[in-house]
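First comes the structure, then the notes that go with it.
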Amino acid sequence: MPNQEKLSPAQTHKLYVKKFGGTSVGSIERIEVLAEQIAAAHRAGIRQVIVLSAMAGETNRLIALGGQIDPHGNAREMDMLISTGEQISIALMAMALQKRGVKAVSLTGDQVQIHTNSQFGRASIERVDTDYLESLLASDIIPVVAGFQGRNPHGDVTTLGRGGSDTTAVALAVALSADECQIYTDVCGVFTTDPNLEPAARRLSCISFTTMYEMARLGAKVLHPDSVAYAERFKVPLRVLSSFESGEGTLICVDEACHISGNVVGIAVSRDLAMVSFEDADKSTEPLGKLFQQLSVLGVETDLLSKTQTDSSSVSFTVSEAWLEQVLLELDGLSQTVNLGSVFYERDLVRISLVASGSLAKTDVAAKVFDVLGKLGIHVKLISTSEIKLALVIPQKYLQMAVCALHHAFGLNEL
Ligand code: ASP
Ligand code: MG
């Protein structure tokens with residue numbers, strides 16, 4: 001935690017919403033260490049609202065428990081079940097703070113009054129009441145809030161989607177007009193790419209909301225994309241820090257000036273993808289509409305969708321491997337009425353996305369990508385560009401080789 005013992009007068013009375021992820025509260029020892037840090041900050045005059053995730057592995061354990069009863073269990077009951085993980089963490093943390101003589105109280109989403117819509121498993125926050133939180137802060141009591149959960153208009157427990165505690169923290173920071181929303185995790189900030197793949201990855205001292213949003217959406221796990229979008233909308237400064245070591249972390253901010261516009265600043269990776277392609281011999285667009293509508297109803301997210309039509313017409317897209325069988329089933333159904341030609345699919349693919357800090361010089365970047373990967377003999381299966389990113393799909397076995405080569409070629413080692 002950055003220099004909490006040596007605070008300048010201007011830093012006292014600041015209000016920080018601090019969110020700690022699963023590994024940060026992963027054991028009793030970790031909770032005790034954090035409680036010590038939070039208590040020290042409190043004594044130094046910082047006002048804090050703490051948001052916690054479930055202890056590491058707990059949400060997965062709860063999902064698996066539910067799955068033993070019914071793999072397609074009722075969504076309301078699943079939310080009731082998986083929201084309990086966070087309640088364990090907040091109760092333990094409140095006790096650890098109280099033991100240190102610091103006044104603290106644990107609160108569920110319902111107790112805070114975090115209002116969401118009714119989309120169980122993927123609810124959106126619509127409104128946060130701050131009265132209770134403000135009265136606690138005014139009495140010098142630290143609110144310790146369960147992340148990832150809220151209540152719908154009927155009072156049912158809802159959850160915000162995996163990784164949703166980040167969004168809870170941002171929503172509270174916005175509602176309370178906090179000075180900063182700090183997301184504490186097990187890495188010391190946002191990196192140019194996953195340091196497990198490329199040890200030369202660099203921590204970025206700042207990154208714009210737009211770039212961070214793309215990085216998060218395209219696979220960077222450090223922040224939930226919804227939380228970035230929310231923070232950008234309400235312009236609340238967001239910082240990613242390590243709860244294990246001190247440092248300034250990465251500030252996510254509006255200012256693009258920290259990087260030269262158009263430069264690639266990060267490489268995001270998404271694993272376990274499959275690619276599906278078919279011929280569409282009838283060249284008929286309408287049945288394709290039905291296919292994608294059906295996939296959308298099932299909640300299947302497709303990406304890098306492309307359709308080319310020359311002499312023949314071919315369609316390809318990627319899906320998460322977990323959805324492949326379902327997609328093939330739908331295509332089988334469609335082939336009863338439409339001549340799809342042969343359907344091809346390939347597993348064990350990854351998507352590598354180069355994300356820039358402003359409009360990307362697409363042709364130049366594509367030229368470099370093809371040059372770098374060509375020299376390594378890596379064939380690109382699909383490629384697509386948008387305003388600030390270029391994404392490509394390659395076999396999983398080349399992932400590390402490709403990421404390291406691209407990281408070097410785009411000068412990310414020197415950022
Ligand atoms: N515990 C939830 C999850 O694992 C929410 C979070 O950690 O942000 O997805
Ligand atoms: Mg997370």
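Since we're looking at a predicted model, the values are computed, not measured.
- The CG atom of L204 sits 11.5 Å away from atom CG of L251, with the distance rounded to the nearest 0.5 Å.
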Ignoring hydrogens and angles, write down the donor-acceptor pairs under 3.5 Å from the side chains of residues 288-306, residues two or more places apart or on other chains.
| unit_1 | atom_1 | unit_2 | atom_2 | d |
| --- | --- | --- | --- | --- |
| D303 | OD2 | R351 | NH1 | 2.6 |
| S306 | OG | S316 | OG | 3.4 |

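- Between the side chains of T159 and D79, at least one donor N or O lies within less than 3.5 Å of an accepting N or O.
- With sequence neighbours excluded, the residues satisfying side-chain contact (heavy atoms from CB on, under 4.5 Å) with T84 are L62.
- The side-chain contact (heavy atoms from CB on, under 4.5 Å) search around A173 returns V17, A178, C181, V236, not counting sequence neighbours.
- For F234, the ring-ring contact (aromatic ring centres under 6.0 Å, His included) test picks out Y230, with sequence neighbours left out.
- With sequence neighbours left out, the salt bridge (charged side-chain N to carboxylate O under 4.0 Å, His left out) criterion links R122 to D226.
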Going by atom type alone, with no hydrogens or angles, which donor-acceptor pairs under 3.5 Å involve a side-chain atom of residues 383-400 and a protein atom two or more places apart or on another chain?
| unit_1 | atom_1 | unit_2 | atom_2 | d |
| --- | --- | --- | --- | --- |
| E387 | OE2 | S359 | OG | 2.4 |
| Q396 | OE1 | D272 | N | 3.3 |
| Q400 | NE2 | L197 | O | 2.6 |

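- With 3.5 Å as the limit, one finds no donor-acceptor pair spanning the side chains of Q182 and K18.
- Using bins of under 30°, 30° to 60° and over 60° for the plane-to-plane angle, the ring pair Y184/F20 lands in the parallel bin.
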Enumerate, atom names and distances included, each donor-acceptor pair closer than 3.5 Å involving a side-chain atom of residues 360-374, sequence neighbours excluded.
| unit_1 | atom_1 | unit_2 | atom_2 | d |
| --- | --- | --- | --- | --- |
| K368 | NZ | A409 | O | 3.1 |
| D371 | OD1 | K375 | NZ | 3.3 |
| D371 | OD2 | K375 | NZ | 3.1 |

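- In this view, D348 satisfies the salt bridge (charged side-chain N to carboxylate O under 4.0 Å, His left out) rule with no residue, not counting sequence neighbours.
- Considering all non-hydrogen atoms of both residues, G262 and A356 come closest at O-CB, 3.8 Å.
- Side-chain N or O atoms of S242 include one that pairs as donor or acceptor with a backbone N or O of E245 at under 3.5 Å.
- Judged as a side-chain contact (heavy atoms from CB on, under 4.5 Å), and not counting sequence neighbours, the contacts of T185 are V187, V222, V240.
- Looking at S24 and L34, their side chains come closer than 4.5 Å, going by heavy atoms from C-beta outward.
- Remark: E330 pairs with no residue by the salt bridge (charged side-chain N to carboxylate O under 4.0 Å, His left out) rule, at least two apart or across chains.
- Identified under the salt bridge (charged side-chain N to carboxylate O under 4.0 Å, His left out) test for residues 144-155, with sequence neighbours left out: D110-R151.
- With no hydrogens or angles considered, a side-chain donor-acceptor pair links R30 and S243 at under 3.5 Å.
- Here the closest non-hydrogen pair linking E58 and A54 is CB-CB, 4.0 Å.
- For the atom pair S53 OG and M55 CE, the distance stands at 12.0 Å (nearest 0.5 Å).
- Using a 4.5 Å heavy-atom cutoff, the side chains of V112 and L172 are in contact.
- For the salt bridge (charged side-chain N to carboxylate O under 4.0 Å, His left out) test, no residue two or more places apart in sequence or in another chain qualifies with R203.
- In terms of heavy-atom proximity, N152 sits nearest to N117 at CB-O, 3.6 Å.
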